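Here the structure is a predicted model, which means the values were calculated and not measured. What you see below is based on every heavy atom in this structure, not just the backbone, and it leaves out hydrogens, waters and symmetry mates. Lettering of chains follows the sequences in order, A, B, ..., and the numbering in each one begins at 1.
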Amino acid sequence: MKVLDTISFQKDLLSWYDYEKRDLPWRKENDPYRIWVSEIMLQQTKVAAVIPYFYNFMEKFPTLLDLAEAEEDEVLKAWEGLGYYSRARNLHAAVKEVRDQYGGIVPDTEKEIKSLKGVGPYTAGAILSIAYNVPAPAVDGNVMRVLSRIFTIYDDIGKDTTRKKFEQIVRDTIAEERASDFNQAMMELGALICTPTSPACLLCPVASHCAAREEGVQEMLPVKAKKKAARSVFLKAIVLKNTQGEYLVERRPDTGLLAKFWQFPFLETEKDGEFAAFLQQWGIDLEQVEYKEHIRQAFTHLVWEIDVYTVEVNHLTPAENQQVLTPSLLKELVFPVSHQKIVEKIEEEY
DNA sequence: TACCCGTGGAC
DNA sequence: TGTCCAAGGGT
């Protein structure tokens, strides 16, 4: 592996960062709680998507204690639409643990912080370095992309051992006195300059240190194994409305995909015959329902293909996991994005 | 290790 | 339209 002039690299990187760093809401104060929340929100999520959620979240839960004392449904509602909802549940649980076990102070040791729910190798390093300036590696996708190019490392970045290799490189390279800025600068460089496609090498402050640039292979890196294609699941959903203008919704199971979210009843099928049998539980015939639209919701590992139907009935009796609600009460509940699209059309079209 | 877990934007 | 993927973690 090539030898890096560490001091020169640090200087070039940090000088650029001092001048070019973005003005982001979680960079305004050095509150470990705010930094923690931002890091969880930023997991697999773009900065632009996080910003409005971060402002709203901080307004609702300004301090760690505010969040610790909130109801889970309230926390999930603030997370609705951001995705990966276990992040919200884990953060909520972890914040309670910090309140109870650490006197409300976010711990500053690697062992303690990694023991918190939802805090893995990256997030532990990010909080330690950004909040406490501890020289710990915070290796995310950006950092692996930047370093794979600097050193022309062709290891598959999807593998755990590869991340550990990059963590060791960061330990050897990090600016000890400016650990916070160094880690953030590496990520900032990955986000703004050393992008996945068409990296802006002509604008790169560390281009002179970059082996991939020298060899012209920057577009080949990093190496990442292809993921399996997502499988499609075909669903038929029914929006049931009674003569009072109320709607039937049901709660998803406590675990798994979109746990505890609300949805309109649906059946996993493409066949009208099976759908007809499904509708019989409300005494409805297939001829009574009206097809409204098709909604596609793509997850990382599967795709929902939803045909949406509506029907109006005289009376609706909710089962144990169901509710019959007015539109305004419906909007208080947490729905998957695909079903939010239905909720938005309720009253006018549905 | 491989799979599960969301969403919206870029290309 | 399809594909990829973004400051990952849990199991």
Listed by chain and number, what are the salt bridge (Lys or Arg N to Asp or Glu O under 4.0 Å) partners of [X], not counting sequence neighbours?
{"X": "A:Asp155", "answer": "A:Lys165"}
{"X": "A:Lys114", "answer": "A:Glu110"}
{"X": "A:Asp156", "answer": "none"}
{"X": "A:Arg99", "answer": "none"}

Spacing between [X] atom [atom1] and [N] atom [atom2], to the nearest angstrom:
{"X": "A:Tyr53", "N": "B:dG9", "atom1": "OH", "atom2": "C1'", "answer": "14 Å"}
{"X": "A:Phe261", "N": "B:dG6", "atom1": "CZ", "atom2": "P", "answer": "7 Å"}
{"X": "A:Leu258", "N": "B:dC4", "atom1": "CG", "atom2": "C1'", "answer": "12 Å"}
{"X": "A:Arg145", "N": "C:dA6", "atom1": "CZ", "atom2": "C1'", "answer": "9 Å"}
{"X": "A:His339", "N": "B:dG6", "atom1": "NE2", "atom2": "P", "answer": "13 Å"}
{"X": "A:Met187", "N": "C:dG8", "atom1": "CE", "atom2": "P", "answer": "9 Å"}
{"X": "A:Glu167", "N": "C:dG8", "atom1": "CD", "atom2": "C1'", "answer": "12 Å"}
{"X": "A:Leu42", "N": "B:dG8", "atom1": "CG", "atom2": "P", "answer": "17 Å"}

Tell me the side chain to side chain donor-acceptor pair (under 3.5 Å) pairs involving residues 196-208 of chain A, sequence neighbours left out?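 Of all non-adjacent pairs touching residues 196-208 of chain A, none passes side chain to side chain donor-acceptor pair (under 3.5 Å).
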
Scan for side chain to side chain donor-acceptor pair (under 3.5 Å) pairs involving residues 211-221 of chain A, sequence neighbours excluded, and state none if there are none.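 Of all non-adjacent pairs touching residues 211-221 of chain A, none passes side chain to side chain donor-acceptor pair (under 3.5 Å).
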
Under 4.0 Å between any heavy atoms, over every strand shown, what does [X] touch: base, sugar-phosphate, or nothing? Just pick one.
{"X": "A:Gly256", "answer": "sugar-phosphate"}
{"X": "A:Arg163", "answer": "nothing"}
{"X": "A:Ala298", "answer": "base"}
{"X": "A:Arg252", "answer": "nothing"}
{"X": "A:Asp160", "answer": "sugar-phosphate"}

Aromatic contact, A:Tyr247 with A:Tyr350 (centres under 6.0 Å):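 Ring centres of A:Tyr350 and A:Tyr247 not closer than 6.0 Å.
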
Ring center gap for A:Trp79 and A:Tyr84 short of 6.0 angstrom: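 Between A:Tyr84 and A:Trp79, which both carry aromatic rings, the centre distance is not below 6.0 Å.
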
Check this for me, if you would: do A:Glu293 and A:Lys341 make a salt bridge, where the nitrogen-to-carboxylate-oxygen distance has to be below 4.0 angstrom?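 Answer for the salt bridge query: no.
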
Between the main-chain N or O of A:Ala276 and the side-chain N or O of A:Asp285, is there a donor-acceptor pair closer than 3.5 Å?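 No.
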
Between A:Thr161 and A:Val337, just flag the one whose closest nucleotide in DNA chain B comes earlier from the 5' side.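 By nearest-heavy-atom nucleotide position, the 5'-most residue is A:Thr161.
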
For A:Thr255 and A:Ala49, take the nucleotide of DNA chain B holding the closest heavy atom to each; which residue's nucleotide lies nearer the 5' end?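 Result: A:Thr255.
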
With the criterion being N/O to N/O and under 3.5 Å, what pairs connect the protein with nucleotides 1-5 of chain C, and how long is each?
from	atom 1	to	atom 2	distance (Å)
C:dG2	OP2	A:Arg296	NH1	2.8

Would you jot down, in residue-number order, the residues of residues 72-102 of chain A having a non-hydrogen atom under 4.0 Å from DNA chain B?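 Of all residues in residues 72-102 of chain A, the ones placing a heavy atom under 4.0 Å from DNA chain B are A:Gly81, A:Leu82, A:Gly83, A:Tyr84, A:Tyr85.
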
Which residues, if any, of residues 109-136 of chain A bring a heavy atom under 4.0 Å of DNA chain B?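 DNA chain B contact set from residues 109-136 of chain A: none.
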
What interatomic distance, in whole Å, is found between P of B:dG6 and the corresponding atom of C:dT11?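 Looking at atom P only, C:dT11 and B:dG6 are 14 Å apart.
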
Residues two or more places apart in sequence or in another chain: which of them pass side chain to side chain contact (heavy atoms under 4.5 Å, CB included) with A:Val106?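 In terms of side chain to side chain contact (heavy atoms under 4.5 Å, CB included), with neighbours along the sequence ignored, A:Val106 is linked to A:Pro32, A:Trp36, A:Leu64, A:Ile113, A:Ile127, A:Tyr132.
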
Test side chain to side chain contact (heavy atoms under 4.5 Å, CB included) applied to A:Leu257 - qualifying residues, sequence neighbours left out: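 For A:Leu257, the residues satisfying side chain to side chain contact (heavy atoms under 4.5 Å, CB included) (neighbours in sequence not counted) are A:Arg252, A:Phe299, A:Trp304.
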
Determine the interplanar angle of the A:Phe275 and A:Tyr309 rings, folded into 0 to 90°, and report it as parallel if under 30°, tilted if 30 to 60°, perpendicular if over 60°.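 Judged by the thresholds at 30° and 60°, the geometry between A:Phe275 and A:Tyr309 is tilted.
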
In terms of relative ring orientation, are A:Trp282 and A:Phe278 parallel, tilted or perpendicular, with 30° and 60° separating the classes?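 Taking A:Phe278 first and then A:Trp282, their aromatic rings stand perpendicular (interplane angle over 60°).
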
Given A:Thr63 and A:Asp66, is the side-chain hydrogen bond (donor to acceptor under 3.5 Å, both in side chains) satisfied, shown in steps? CA-CA 5 Å; A:Thr63 70; A:Asp66 292 322; 2.9 Å; yes

Is the phosphate of C:dG8, meaning OP1 or OP2, less than 4.0 Å from a side-chain N or O of A:Gln44?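 Yes, within the criterion.
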
Going by heavy atoms closer than 4.0 Å, what residues in residues 17-26 of chain A are next to DNA chain C?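 Here the set is A:Arg22, A:Leu24, A:Trp26.
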
